[in-house]
Amino acid sequence: MVTKQLKGTPEDADLTRADSLAREIFSDIANKWALLIIDALGERTLRFTELRAEIEGISHKMLTQNLRMLERNGLVERTVHPTVPPRVEYALNEPGRDLRKTVHWMCDWTHEHFHHIEGSRRKFDG
């Protein structure tokens with residue numbers, strides 16, 4: 001059995017340290033657009049326009065930036081097909097699909113506690 005070794009120092013993987021790589025990664029993937037992109041891709045392969053249609057309110061710029069970030073972090077694979085015009089598709093790879101399990105759980109949690117949070121907000125704001 002081969003175990004994966006962490007590159008860098010233990011401090012690089014420490015989320016509590018402001019200068020850690022882990023915190024940078026966490027910051028990248030824990031934004032609303034990245035989470036929605038990960039959830040929308042699911043087990044599918046989508047083109048840019050299909051993905052944008054799946055996520056109401058996301059701008060072309062934000063979708064582009066987040067797809068690049070997810071690709072840079074090794075969570076999304078971008079495939080360019082040599083056609084005219086080029087056809088570009090996006091899909092989650094294995095680490096991205098693994099992260100999607102957590103994102104899906106967060107979506108379920110939101111649905112489960114929606115009414116409680118909504119009531120707390122009304123009470124707090126009232």
Side-chain angles (χ1 to χ4, degrees):
M1 182 168 118
V2 177
T3 58
K4 293 183 181 179
Q5 295 296 317
L6 217 112
K7 302 271 184 189
T9 66
E11 292 81 18
D12 291 334
D14 185 354
L15 279 172
T16 63
R17 290 178 52 103
D19 63 344
S20 75
L21 177 58
R23 188 179 284 193
E24 182 182 328
I25 294 166
F26 188 78
S27 177
D28 281 351
I29 62 174
N31 78 68
K32 71 176 177 181
W33 297 125
L35 295 174
L36 291 171
I37 290 167
I38 290 165
D39 192 54
L41 281 172
E43 299 294 324
R44 305 181 291 170
T45 298
L46 295 174
R47 296 176 71 173
F48 185 92
T49 53
E50 294 170 326
L51 191 50
R52 188 167 177 207
E54 288 282 323
I55 305 170
E56 186 176 325
I58 193 167
S59 68
H60 186 280
K61 178 182 175 182
M62 290 310 297
L63 181 55
T64 299
Q65 286 177 351
N66 278 274
L67 284 169
R68 286 182 182 159
M69 175 273 300
L70 290 168
E71 184 181 7
R72 178 176 182 252
N73 283 310
L75 303 171
V76 167
E77 291 179 358
R78 180 179 182 262
T79 305
V80 180
H81 298 276
T83 60
V84 178
R87 190 176 87 234
V88 181
E89 296 177 329
Y90 299 89
L92 294 176
N93 56 20
E94 187 177 337
R97 287 189 300 273
D98 196 38
L99 177 59
R100 185 175 179 270
K101 294 173 191 172
T102 301
V103 172
H104 195 72
W105 180 86
M106 290 172 61
C107 292
D108 288 347
W109 178 90
T110 302
H111 289 124
E112 184 179 337
H113 297 284
F114 179 83
H115 294 296
H116 170 80
I117 294 168
E118 182 182 40
S120 293
R121 285 181 170 193
R122 271 197 311 270
K123 184 178 176 183
F124 185 88
D125 295 342

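Count residues from 1 along the sequence. Bear in mind that the values here come from a model prediction, so they are computed numbers and not experimental data.
- Around NE2 of His104, the count of heavy atoms belonging to other residues, nucleotides or ligands within 6.0 Å does not exceed 12.
- Taking 4.0 Å as the cut-off between side-chain N and carboxylate O, Asp98 and Lys101 count as a salt-bridged pair.
- A donor-acceptor contact shorter than 3.5 Å is absent between the side chain of Asp125 and the backbone of Arg122.
- The minimum heavy-atom distance linking Met69 with Ala34 is given by the pair CE-CB, 3.8 Å.
- Between Gln65 and Trp33, every side-chain heavy-atom pair lies at or beyond the 4.5 Å cut-off.
- Here the side chains of Glu77 and Leu92 are not in contact, with every heavy-atom distance at 4.5 Å or above.
- Transitive grouping of hydrophobic side chains (ILVMFWY, heavy atoms separated by less than 4.5 Å) keeps Ile25 and Leu35 in distinct clusters.
- By the 4.5 Å heavy-atom criterion applied to side chains, Leu67 and Arg78 are not counted as neighbours.
- At a threshold of 4.5 Å between side-chain heavy atoms, the hydrophobic network of Ile, Leu, Val, Met, Phe, Trp and Tyr places Leu70 and Val88 in one connected group.
- Crowding of Glu56 atom CD: a count of heavy atoms from other residues, nucleotides or ligands under 6.0 Å not exceeding 12.
- Contact of the Asn93 side chain with the Pro95 side chain is registered, since non-hydrogen atoms from C-beta on lie closer than 4.5 Å.
- Counting all heavy atoms, side chain and backbone alike, Ile58 lies closest to Ile55 at CG2-O, 3.2 Å.
- Heavy-atom neighbours of His81 NE2 from other residues, nucleotides or ligands within 6.0 Å: above the threshold of 12.
- For the residue pair Ala22 and Leu15, the shortest heavy atom distance occurs at O-CD2, 3.4 Å.
- By the 6.0 Å contact criterion, CZ on Arg68 is open, its count of non-hydrogen atoms from other residues, nucleotides or ligands being 12 or less.
- Ile117 is listed as a side-chain neighbour of Arg121, based on a closest heavy-atom distance under 4.5 Å.
- Leu41 pairs with exactly one of Ile37, Asp39, Thr45 by the side-chain contact (heavy atoms from CB on, under 4.5 Å) rule, that one being Ile37.
- Ala40 and Glu54 make their closest contact through CB-CB, 4.2 Å (heavy atoms, listed as atom of the first residue, atom of the second, distance).
- Arg52 contributes atom CZ, which lies 8.5 Å from atom OG1 of Thr64 (distance to the nearest 0.5 angstrom).
- In terms of modelled atom types and a separation under 3.5 Å, the side chain of Asn73 and the main chain of Leu75 share no donor-acceptor contact.
- Note that CZ of Arg100 is 8.0 Å distant from SG of Cys107, once rounded to the nearest 0.5 Å.
- Side-chain heavy atoms closer than 4.5 Å link hydrophobic residues (I, L, V, M, F, W, Y) into clusters, and following such links, even through other members, never connects Phe124 to Phe114.
- Between Glu89 and Arg87 there is a salt bridge, since a side-chain N of the basic residue sits under 4.0 Å from a carboxylate O of the acidic one.
- Hydrophobic clustering (side-chain heavy atoms under 4.5 Å, transitive across Ile, Leu, Val, Met, Phe, Trp, Tyr) keeps Phe26 apart from Leu99.
- One finds the CZ atom of Arg44 at 8.5 Å from the CG atom of Leu51 (value rounded to the nearest 0.5 Å).
- We find the OH-CD distance between Tyr90 and Glu71 to be 7.0 Å, quoted to the nearest 0.5 Å.
- Note: Glu43 CD to Arg97 CZ = 6.0 Å, rounded to the nearest 0.5 Å.
- Counting only heavy atoms from C-beta outward, the side chains of Phe48 and Leu63 approach each other to under 4.5 Å.
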